[in-house]
Amino acid sequence: MGPGISRRTFIGSGAAFAGAAWFDHRADASGLGLQDAAPSSPITLDAEMRTLEITGKPASVMGLRQKGGDQGLSMQMNQPFNVTLQNNLAVPTAIHWHGLHPPNDQDGVPGLTQPVVNPGASALYNFPTLPSGTHWMHSHQGLQEAFLLSAPLIVHNPADEPKDEEQIILFFGDFSFTPPPEIYASLRKPSASAMAMSGKTAGGKMAMGKPDANDVDYDAYLVNDRTLADPEVIRVEKGARLRLRIINGSSGTNYFIDLGELKGELNATDGIPVAPITGSLFPLAIAQRIDVRIQIPQDGAFPILGFREGAAEQTGFILASQRASVKKLPIQRPTPSGLLTLDMERQFVATEQLAPKAIDRSFDLRLTGDMAQYEWSINGIVSDTKNPGGQPAQVHVKQGQRVALKFINDTGMSHPMHLHGHSFQVIDINGQPLKGALRDTVLVTPKTSVTVVFDANNPGIWYVHCHVLWHLAAGMATLVKYET
């Protein structure tokens with residue numbers, strides 16, 4: 001174990017089922033049971049129920065863990081992703097390896113790329129583990145993501161991991177004691193407030209909807225399954241160099257990540273390196289990830305917080321030197337935060353650009369919706385997400401082509417748009433050309449356009465969708481289909 005951080009496993013009432021660990025803190029492990037060599041037999045990943053204590057009450061949720069208790073997976077780049085998913089739940093499931101580029105039939109979207117994994121059954125996944133970086137995994141079956149069926153997925157590149165650097169995972173989430181199907185049913189009920197939010201007038205015509213956020217007010221906002229009422233405290237030493245792997249695994253919450261007194265160097269988005277940006281406040285949309293390097297300047301306690309977008313709630317965890325006292329932090333700030341913008345997205349520059357190449361095909365994907373009916377769509381087409389393979393694809397590509405997708409947000413809400421099986425580069429925001437980040441999820445703010453390009457190098461039929469779980473369930477998805 002490297003210097004600067006003590007090993008800690010949190011148990012039972014503090015966070016999760018007994019023995020489940022988020023942290024190991026070895027510089028080459030990130031707490032997820034790193035496979036140091038290609039496994040001779042598959043790693044077993046159990047989908048199962050677990051009990052958390054949230055706001056002083058027990059909560060029965062889902063989870064993904066290895067047999068030894070480690071939550072999630074930690075792999076080496078280019079080694080086989082040799083994993084058996086064992087479904088110990090009472091319902092079918094399917095897991096998507098968000099950020100990886102698997103073969104299409106191992107992408108984990110039921111009804112599109114593979115069947116569900118039934119209760120008591122298992123599925124084997126085996127493909128080259130690429131790309132490296134901070135990723136995550138989550139269910140793509142129904143609303144299971146809101147039952148917390150998700151976990152970190154770290155792919156290590158030893159060439160990018162200094163020996164004196166410790167690694168810490170921060171997995172942001174949100175949770176409600178109201179069952180997700182009830183949340184979704186309430187969203188689907190027309191209401192006067194929703195009518196006003198959508199901008200629909202009494203005559204049925206659409207008016208300009210005002211910018212808005214947060215369809216759901218959750219009971220708790222989490223980091224590594226804990227709230228600020230009982231946060232994780234990680235003991236560090238003065239001078240410790242840390243790499244924070246920060247993942248937004250929420251079903252409906254964007255965050256501002258606040259380092260407080262510390263300065264950090266953001267050097268990767270969605271696992272892929274960007275030219276470093278120094279700061280203390282970073283936006284993080286749903287499904288996005290950032291890597292931030294920090295150094296502990298002195299003895300003391302250093303909260304790392306996430307501010308809920310457009311609201312007063314906050315969550316986080318605390319870095320503290322061995323003898324530093326840790327003050328209790330409120331779960332609400334005095335004033336609400338603002339809305340996420342694309343100001344920092346405009347600053348990102350990929351350290352390795354896509355190879356220069358002309359765009360072969362371009363597609364406009366208008367993000368549309370009717371908030372009064374809670375229907376979300378792309379180009380006015382509401383996807384049947386219970387049968388994703390039964391819908392026509394709106395993006396048709398051929399192997400080897402350079403493809404541009406222009407997301408045009410006609411709604412009053414932001415949409416984090418995710419493309420399965422590929423990484424894309426952000427090349428334009430509102431007509432401003434960029435040599436932007438390579439990533440797999442980009443936020444498209446209200447009344448904004450964002451253009452991304454990708455190389456069609458992974459054949460199949462792939463999902464592209466909004467990663468607000470409720471927007472996806474209500475139809476904001478389409479398909480990218482390779483033609484022969």
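The model shown is predicted, which means the values in this text are computed figures rather than measured ones.
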Within the side chain of Asn430, is there an N or O that forms a donor-acceptor pair under 3.5 Å with the backbone of Ser449? yes
Polar contact flag, side-chain donor to acceptor under 3.5 angstrom, Asp174-Ser251: yes
Within 45° of the axis and under 6.0 Å from the centre of the six-membered ring of Phe363, does NZ or CZ of Lys406 qualify? no
Relative to each other, are the rings of His96 and His418 parallel, tilted or perpendicular (30° and 60° limits)? tilted
Donor + acceptor pair across side chains of Asp360, Gln401 (<3.5 Å): no
Treating Tyr463 as the side-chain partner and Leu419 as the backbone partner, does any N or O pair qualify as donor plus acceptor under 3.5 Å? no
Stepwise side chain to side chain contact (heavy atoms under 4.5 Å, CB included) test for Gln66 and Ile43: CA-CA 8 Å; Gln66 296 181 49; Ile43 304 162; 3.6 Å; yes
Might you work through the side-chain hydrogen bond (donor to acceptor under 3.5 Å, both in side chains) test for Asn379 and Gln394, ending with a clear yes or no? CA-CA 9 Å; Asn379 291 331; Gln394 295 194 46; 2.7 Å; yes
Have His156 and Ser74 got a donor and an acceptor in their side chains that come within less than 3.5 Å? yes
Please check: side-chain N/O of Asn387 versus main-chain N/O of Gln391, any donor-acceptor pairing under 3.5 Å? no
Verify, without hydrogens or angle tests, whether Asp46 (side chain) and Asn88 (backbone) share a donor-acceptor contact under 3.5 angstrom. no
Please check if the distance between the ring centroids of Phe175 and Tyr218 is under 6.0 Å. no
Rounded at 0.5 Å granularity, tell me how far CZ in Phe454 sits from CG in Leu405. 5.0 Å
Rounded to the nearest 0.5 Å, what separation is found between the CZ atom of Phe171 and the OG atom of Ser150? 3.5 Å
Val155 vs Leu130, side chain to side chain contact (heavy atoms under 4.5 Å, CB included): CA-CA, chis, key distance, verdict: CA-CA 8 Å; Val155 180; Leu130 288 169; over 6 Å; no
Report yes if some heavy atom in the side chain of Leu281 is under 4.5 Å from a heavy atom in the side chain of Leu259; otherwise report no. no
Please report the interatomic distance CG(Asp160) to OG(Ser132), rounded to the nearest 0.5 Å. 7.0 Å
Ignoring hydrogens, what is the shortest heavy-atom contact between Asn126 and Gln106? Give both atom names and the distance. N-OE1, 2.8 Å
Under a plain distance cut-off of 3.5 Å, with no hydrogens placed, do Gln314 and Arg308 share a side-chain donor-acceptor pair? no
Quick one: does any side-chain atom of Asp258 pair with a main-chain N or O of Gly306 as donor and acceptor, under 3.5 Å? no
So, Arg188 side chain and Tyr374 main chain: donor-acceptor pair closer than 3.5 Å or not? yes
Any salt bridge linking Glu232 with Arg226? Criterion: basic side-chain nitrogen under 4.0 Å from a carboxylate oxygen. yes
Between His420 and His465, does the ring centroid distance fall short of 6.0 Å? yes
Taking every heavy atom of Glu313 against every heavy atom of Ala311, the minimum-distance pair comes out as OE1-CB, 3.2 Å
Test ring pair (Phe, Tyr, Trp, His ring centres under 6.0 Å) on Tyr125 and Phe81; report intermediate values, then the result. CA-CA 7 Å; Tyr125 301 83; Phe81 187 84; 7.1 Å; no
So, do Val480 and Val464 sit near enough that their side-chain heavy atoms are less than 4.5 Å apart? yes
Give a yes or no on whether the backbone of Val444 and the side-chain of Thr448 come within a donor-acceptor separation of less than 3.5 Å. no
Ring geometry between His101 and His422 (parallel below 30°, tilted from 30 to 60°, perpendicular above 60°): tilted
Please check if the distance between the ring centroids of His467 and His98 is under 6.0 Å. yes
So His138 and His140, would you call those rings parallel, tilted or perpendicular, with 30° and 60° as cut-offs? tilted
Distance-only donor-acceptor check, side chains Ser377 and Thr368, under 3.5 Å: yes
Report yes or no: does Tyr482 contribute a side-chain atom to a donor-acceptor pair with the main-chain N or O of Asn458 at less than 3.5 Å? yes
Check whether any side-chain N or O of Glu265 sits under 3.5 Å from a backbone N or O of Pro276 as a donor-acceptor pair, and report yes or no. no
Heavy atoms of Ser414 and Pro446 approach each other most closely as OG-CD, 3.4 Å
Ring-face cation contact, Phe307 with Arg333, 6.0 Å cut, 45° max: yes
Which atom pair, heavy atoms only, marks the closest approach of Thr113 to Gly108? OG1-N, 3.4 Å
Smallest separation among heavy atoms of Cys466 and Leu472, with atom names: O-CB, 3.5 Å
Mark yes when over 12 heavy atoms from residues, nucleotides or ligands other than Lys357 sit less than 6.0 Å from its NZ; otherwise mark no. yes
Residues Lys189, Glu182: salt bridge by 4.0 Å N-O rule: no
Heavy-atom pair of closest approach, residues Leu438 and Ala350: N-CB, 4.0 Å
No-hydrogen, no-angle side-chain donor-acceptor test under 3.5 Å, Gln167 and Glu161: yes
Cut-off 3.5 Å, side chains only: do Asp291 and Asn267 have a donor facing an acceptor? no
Go through Leu73 and Leu45 one step at a time and tell me if the side chain to side chain contact (heavy atoms under 4.5 Å, CB included) criterion holds. CA-CA 8 Å; Leu73 292 169; Leu45 185 69; 4.2 Å; yes
What distance do Met75 atom CE and Leu100 atom CG have between them, rounded to the nearest 0.5 Å? 9.0 Å
Tyr221 vs Tyr255 aromatic rings, parallel, tilted or perpendicular, using cut-offs 30° and 60°? perpendicular
Whether the side chain of Asp270 engages the backbone of Thr441 through a donor-acceptor N/O pair (distance < 3.5 Å, no angle test) should be reported. yes
Heavy-atom neighbours of Ile331 CD1 exceed 12 at 6.0 Å: no
Give the intermediate values and the outcome of side chain to side chain contact (heavy atoms under 4.5 Å, CB included) for residues Leu222 and Thr227. CA-CA 5 Å; Leu222 309 174; Thr227 71; 3.6 Å; yes
Quick one: CD on Gln114 to CD1 on Ile95, what's the gap to the nearest 0.5 Å? 9.5 Å
For Asp440, the option from Gln288, Arg289, His135 that meets side chain to side chain donor-acceptor pair (under 3.5 Å): Arg289
Answer yes if the side chains of Asp215 and His471 hold a donor-acceptor pair under 3.5 Å, and no otherwise. yes
